[in-house]
Each structure stands twice: as C-alpha cells, then as structure tokens.
Amino acid sequence: MERYDPHAIEAKWQQRWQEERAFEVANDLEGEKSYVLEMLPYPSGTLHMGHMLVYTIGDVVTHFRRRNGMRVLHPQGFDSFGLPAENAALNAGGHPREITERNIRHIRASMRRIGWAIDWSRELTTHSPEYYRWTQWLFLKLYEQGLAYRKGAPVKWCPNDQTVVANEQVQDGRCERCGAEVVARTMEQWFFRITDYAQALLDDLETLDWPESIKARQRNWIGRSDGAEVAFRIDELGEDVPVFTTRADTLFGATFFVLAPEHELVERLAERSKHGDEIRAYVARTAAKKTADRAAAEEKTGVFTGFHAVNPVNGERIPVYVADYVLTDYGTGAIMAVPAHDERDFAFARAFDLPVRQVVRPRDGEVDEGTPYVAHGDDEVLVNSGDYDGLAAPEGARRIVEALEAQGLGRFAVNYRLRDWGWSRQRYWGCPIPIVYCDACGTVPVPDEDLPVPLPEVDDYRPKGEPPLAQAEDWVRVACPRCGGPASRETETMDTFVDSSWYFLRYCDPRNEEAPWRREVVDYWNPIDLYIGGVDHATMHMIYARFFVKVLNDLGLVGFREPFRRFFSNGWVTLGKTKMSKRAGNVVGPDDFVERYGADAARLNILFLGPADQNMEWTETSVQAMARFVGRFWRVVNEVAERAPRGEEAGGSLARKAHATIAKVTDDIGRRFAFNTAIAAVMELTNELARDPEAADARFAAETAVSLIQPYAPHVAEELWERLGHERLWEQPWPQADESQLVRDTFQLVVQVNGKLRDRVEVAADLSEDELVATAKASERVQAHLDGKEIRQAIVVPRKLVNLVVG
RNA sequence: GCCGGGGUGGCGAAACUGGCAGUCGCGCCCGACUUAAAAUCGGGUGUCCCGCGAGGGGCGUGAGGGUUCGAGUCCCUCCCCCGGCACCA
C-alpha cells in the first residue's frame, strides 16, 4: 500500500479544482441558493488559528450545502484599508500599499494551500480603486440623504505634539507620549446618522437567527430606555432646559439640578455668574480628563453656578450645579438630581451637603435613610408628592408625566445609548472622502463621474495632527465642481468600518463598472444565509452593516432590510488559556502545521478541538492526533479498496453503522453546527471498519466514511474516492440515510430497579410492554435486587427501558 | 450594578426531547513489532470498597434543597470562572 503523502495529494486536487474552477458560481439567479460568508481578514499579518477556525467552519458548510444541491456563494476578500493594515505597515517600516499587498499575497497563498472552496473569481480588496470608488459613491448617497454630516466633536489634543490623541492614549490628563497636559478641543468630524435607525436596528433583531448573546450585545449597545423629557426653567434666565429621566415618579424628590460641563448653557451661565472663573476652571479641568477616569472617580466633583432651576411639578427653586458625572452626549446633557433614589445623585449630595428628600418608599417596610432607595415597582408607593401620594411608583410616574404634558412642560420620551457613528480619521491609509470645500459654494460633493477620488502619494504617511493627505498639495487644490473656482479637497479618510459595511454586496457583482451592484443580483444572493465570525465584531461592524443595508433599502438599492439572516459566532482559539493575539505574543499560524502534517489534518484538528462556538485551547498534540487519524483512515480505506468484495451493499452491521453515521453527520453539520461530534462519528465508523475490512458491506461503509469526511478533509477524501473507483466527489450528492437500515429488529433493553441500572438485555423490537416487563423481571440480576419485595409499579419507555419500582 | 455564556474523568470533550453519565480524542499503563528507540498496531484506563480471580457493590456532572418512577438535563437558593456594557439619569 502506498504511503499517505498529504503534500502530493493536496497539490494534485487543488490544481484540479483550480483548473476546473470547481468552486466558482455563476450569477444564473436560478435555483435554491445559499450565501455562506465569513468575515474577511485584515491583511495585517499572516493567518492565525482564529482564521483557520472561522474559514474552515464556512468551508465545511459550503461543501455540505453544495452537495445538498444548493448554489453556494462562498467568496473571499481583504479588508485592506484602515488602521489595522496601516499600523502593520508602520511597524514593518514600509509603504502601507506595499506592506498590505505583500500580506495579501501571503495570506492568499496560505488560503489556497489549505484548500478552502472559495470562489476566487470574486475576490476583492477594499483598498483597490475599483472597490473604493463605490465606497465613495455610497457615501455620497448617504450624504445626499442628509445621513452623512460633519459636526464639531470633542477630542483630546496634545499642544506639544500638535496632534489629536485617542482617549486610550491619555493618562491622568497627560499625553502618553510626551507628558504634556492634554486639552479638549472641538474638531470637525464626519458622522453617519445611525441614531435615526436606532429603533429599527432594535426591532429587527427579532427577525434574525442569531445567538441570543449576540442579540443581547446589540440591544445593550443600542440601549433603549423609556422615560420622559421634562422642562426645568432656569429662574434667573427665564429659559427652559429639558432633562431626560426614567424616574418621573421621583420628580418631587429633586433637590438640585446638574449640567454637564460641555452643556451649551454653561458658558452663558459663567458669563453672568459671580462664580464664572470657578466654573470655567472646572470645565477646563474635567475636559482634559479621560472619560474612563471621569467614570472611575471615587469622589463626585462639581461647582455651584449661582443659578436656580424651577421644578415644574411644585414650583420649587433648586440650585444648578455643573458636574462631570453628567454626560454631555446622553439624554439632554442635563439632569434633575434625586439623591434619595439615585446612587450618583446621593453621592453628590453627600459631598456638597445638599438635602435628601424621600419620595418613594416600600408599601410595607422600612427605608434605610443612609442609602438611596432605588426600587420602583408596584410594591413601592409615592410619598411627599402632593396629589400623587399613595400611588404605586409606575402609576405615579405615568400620571405625573401626563399632567406635565397637559401643561406643555413634559412628554413621554425614549432615549438611546447609541451615538451617531463618527468615522473620519486623520490618517493616510483609508478611503478618501469625495468632498470639496469651496469658499463660494461651501461643502460640495464630488460628482459621480469624477469617482474615484484617488488616494494620493505623499512624502510622509505617518499619523500626525494634520491629515497626511494635506501634504499632497496638487491633489488638494482642485476646481470646485459646482462653480469652477478654487477649492480644496477633504483630507481626512474613512474608517475601515465603512469599507466593511457593504463588501458582502460587492461580492455578488464584483466586476461591475457601471454600478456598485445590479439589484437583481444582490437580491438573489442576499440576505447572507450564514455569516460566520468572531464575537469581537458583534457590535461595531455588525451594527454598521445592518445600518447600511437599511439605508440602502430605503434608497431602493437593495430589496432586503437585514444583511445577516443567520449568524454563527465562532469561539476564540487560546494558547495557555489566553486568546491568541499579537499583543499576547502567543500567535500560532496554520502555515507551519499545514507544512508538517498537511492541510486535511490541520482542518480536521481545528474543528475537533471542541464546539466551534466556544473557546478552544490549541495544543500541538491534537494536530498530531489528527494526522494519525488521517493516516489510519488512509490505510483502512485503502485496505478496503484492495480487498473488500465489490457488488451489492449488504445489510450487515457495518452498513447499519454507515447509515447511522450518515444520519448523525448530516444532522450535526446541517442543523446543529456540531462539527466536532460529526468527526467523532466518522472516527467510530472507521474504527468498526478497521475491525472487519473484508466484510461484504465494508466497501459501502468505506465509501460512506470518505463521503462524509469530505467537507472537512476534501483532499484525502477525493483521493480515496478515486481509489474506490469513483470520481468527482466534490460534486456528488450528499449521502442519504436509509431509514429502514436505522430500524433494528432487536434492541438493548435497559432494566432499572428504583431508577438504578441493574441489567441490559437484548430483546426483540416488537415485544409488547407486558412482555418487556416480564423480561425485566426474569433477569437474574434484577431478581437479586428485588430482594423479594413487592413490585409496585413498572415504568416502560418503549424501545428503551423498564424501571421496576419496589418498596 | 445590569446583560450574556460557562462549571462533567489527569486533559479537550460527549450525552440533541427528563431515560445506560463519560462517545471520540489526548495523556498514561500493559502488550506486539524492533538489537534498541521512534513510528505503527492491539488491549486497558471516573473513583472508592469487597474478592486470589471471574465478578460484585457504593459513590460520582460546582454546593445545598425541590419536582419526578427516574435529573448533568427542569425549578428554587447559593458559590466560582469567562465575556459584554456601565456615572447612560
């Protein structure tokens, strides 16, 4: 028998598939389709085991669905613009384009070497002008709709380095790099109005077949809360300031009022206040603080403004403070403070010696005055609340808001935690924004026919305060598309999440030069039937893509409202119980293992480690074990091919086992996504086959095993299929389990006494319940445990067990 | 704090619908082949107790309770681990 040589076998079949374009699929738009997609990689290095996992899952499903008669779209590409790729280039010390394209070549070669069934004719890279032309085009569509806009947003600025620094790069209010005190600055940034779609993004989660944990994360991220907006009048100004509250039941307990330091009113108050300097100093101090540090602050800080707000429910004047525990970008940036029923307000009241007034208490029971009482269900009632005293808290809240509404001082309101998506970056390696600024015409979109706006070459692409594109002066200077006068281009670039918010649509029609896609094509393939990827993209990318699709649907560009009908979230691959990552320095790549043990063993291994949606610990011994299994599989099947009789499949125990394995593997891959147990089932079949390779039904069992392992180990399966005298396994229909073979005429009856296993008896399948009980009683082992006691009851589970209850 | 996922042999895990706990694999032990080792192949392997042995019995799925003829699985209380969000009013 020939030795198993994975390299020769894998090269042979990969060449064959490439020649035959075996995994390319045409846009016939006919028949049952399945779009199977894994999240595309950042070409920031080489493949690691996480990639091995996610792409092998997709590959198994692709083969399975193809062989079940579906037209399967399974493309691949590279998320090659943006920070991940650019940072990799900066580390490598080369031009981002060169480094990125080198990484792509390497990864593409690895992917081909692993033998994934990818339609390479549809490959895309987000940094190619053919792609980003349409990213720009889509931006312009959103811009036309008013869904893309520019606004000032607070950023941290280092006056020494003359650069914006990320929140994560500020430590104790100082620049991480040079130690200078950072200051807050408002800078113009581009945003998408994703908040317009907050409710739709929330509602439509119900229609998706996603893991509950992932839906929960998105709900959490969107963060809907129901409450009321209530107007408080600043007494000295005569101006109404709205607050958002979820606790209208506590309005009578408001004892002070707080504005976020960034609230637009604060500067105006400072101008008129005798505490003006104090207020400005406080605002400057808090602005420089990292958001996380503000949140982590043990002591509440703030400053009295000298102004007062009037509580609309009782006309009471309460002092107005500025304090950084109130966030500027949630609700209205101002709150009514109810220290008796809110932890944060309570802490502030303690620190500033402000009154605490109890207005909600349990119907029965005592309240500890030393801590805020936050419960507010139907078991809580209002007190100190005028006409509302005695009402249950939810009812009281409703009545109070209704009364305010009647006076025009409040209304029921909904708030979301979700913020508009800020996506412009002062970096080089990203999609240019097709906008021109003209002194005469203002902000002018670049006309479609002038797309793409190319990414210019610059001398120094490293990040600095000014966008690197500003150096490309000839590129920046441009005639205004509207008036022809002197104008300049937008020099910021898009975040990579913009590129990845629509790539799955481009795969459907990747070479279209007239449009981003043809609608009938995307409508045929989409929504994606199975999307596979890591949980780390469960919020950002997967919310942004959902937003894009909803907008595109509203624009009539696509006929569906959700991109990912089903999502499978793969686990992490860990080494030493730590997620494999560059940062942890524990990355193991598949290249090495494919080289040493072959692609089939590496593919089987990653899916055999454990359930694919849970984290799994990588060990070198496990891939060796898989190499051993493949070798054993090779020997056993070859032996059958050489020695087992040909002819009709006989209905012996091997054939029965084969049919049972078909049923198990089909269910495991098709319904349960339990890839590990499907492999175990084929191993069992192989073990039985090895015991009797010359049996009359050995050939059928071997063919079945080869056919079932094909999605996991397509190369060795194809080679063995050929040795069994057949061809083109990748196109063969998936085997069907013969139900009649699954039904046996005897079965093993489990006999319990008082629920404890006492015996197993092989019995005929057609015995009646009485006969089963009689058989159970007849067992010697059972008799020993009956101990002469009376049988009070006999539980019979047909075709399974008899439980004799004695007492 | 809120939300989500977990806890089963020495290890990764299986048990899908309440019905034989531990499939499959790793590791380990014994044996075959070998001058020897590696590789490969065969057998064994939850744990404790009784028995020279064949065998028999008890215990066992994070802890405690409950429902049930029967619970890893369902219910209640609690502990621990991992992840997400978090001064979100």
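Here is how names work: the chains are called A, B, and so on, in the same order as the sequence lines, proteins then strands, and each is numbered from 1. Model, not experiment: these values are computed from the prediction.
Residue-level contact check: R419(A) touches the bases, meaning some heavy atom is under 4.0 Å from a base atom. Within the nucleic acid shown, K215(A) has no heavy atom closer than 4.0 Å to any nucleic acid atom. Among the atoms of the strands shown, only primed sugar atoms or phosphate atoms (P, OP1, OP2) are found under 4.0 Å from some heavy atom of R758(A). Nucleic acid contact class of H785(A) (heavy atoms, under 4.0 Å, all strands): sugar-phosphate only. Residue contacts for V535(A): at a heavy-atom cut-off of 4.0 Å it reaches no nucleic acid atom on any strand shown. At the heavy-atom level, D342(A) lies nowhere under 4.0 Å from the strands shown. Using a 4.0 Å heavy-atom distance criterion, R760(A) is classed as a base contact. Base engagement by I335(A) is indicated by at least one non-hydrogen atom pair under 4.0 Å involving a base atom. Across all strands, P211(A) comes closer than 4.0 Å to no nucleic acid atom at all (heavy-atom distances). Here D329(A) lies out of heavy-atom contact (under 4.0 Å) with every strand. Backbone-only contact: T245(A) has heavy atoms under 4.0 Å from sugar-phosphate atoms and none from a base. The residue S225(A) sits close only to the backbone: its heavy atoms come under 4.0 Å of sugar-phosphate atoms, none of a base. At a threshold of 4.0 angstrom between heavy atoms, the contacts of R792(A) with the nucleic acid are absent.
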Heteroatom pairs (N/O) under 3.5 angstrom, protein to nucleotides 68-70 of chain B:
| residue | atom | partner | partner atom | Å |
| --- | --- | --- | --- | --- |
| C69(B) | O2' | N803(A) | ND2 | 3.4 |
| C69(B) | O2 | N803(A) | ND2 | 2.5 |

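Here the side chain of L327(A) is nearest to one of A21(B), A89(B), A13(B), namely A89(B).
Taking side-chain N and O atoms only, N676(A) has a distance below 4.0 Å to OP1 or OP2 of A14(B). Taking 4.0 angstrom as the limit, R219(A) places none of its side-chain polar atoms (N or O) nearer than this to OP1 or OP2 of G4(B). Residue N615(A) places no side-chain N or O under 4.0 Å from the OP1 or OP2 atom of G6(B). Not one side-chain nitrogen or oxygen of R632(A) sits closer than 4.0 Å to the OP1 or OP2 atom of U40(B). Between R417(A) and G84(B), a side-chain N or O to OP1/OP2 separation shorter than 4.0 Å is absent. Side-chain nitrogen and oxygen atoms of Y325(A) include none within less than 4.0 Å of the OP1 or OP2 phosphate oxygen of A89(B).
Under 3.5 Å, the side chain of K800(A) and the base of C20(B) form no donor-acceptor pair of N or O atoms.
Considering Y544(A), F497(A), Y197(A), F191(A) as possible partners of W421(A), the one that fulfils the ring pair (Phe, Tyr, Trp, His ring centres under 6.0 Å) test is Y544(A).
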State the dot-bracket string of RNA chain B. Criteria: Watson-Crick or G-U wobble, both atom distances under 3.5 angstrom; notation: ( ) intrastrand, [ ] crossing earlier pairs, | interstrand, . unpaired. (((((((..(((......[....)))((((((.......))))))(((((....)))))..(((((..]....))))))))))))....
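We find that CZ of R217(A) is positioned 14 Å from C1' of A86(B), with the value rounded to whole Å.
The number of heavy-atom neighbours closer than 6.0 Å to CD of E212(A), taken from other residues, nucleotides and ligands shown, is above 12.
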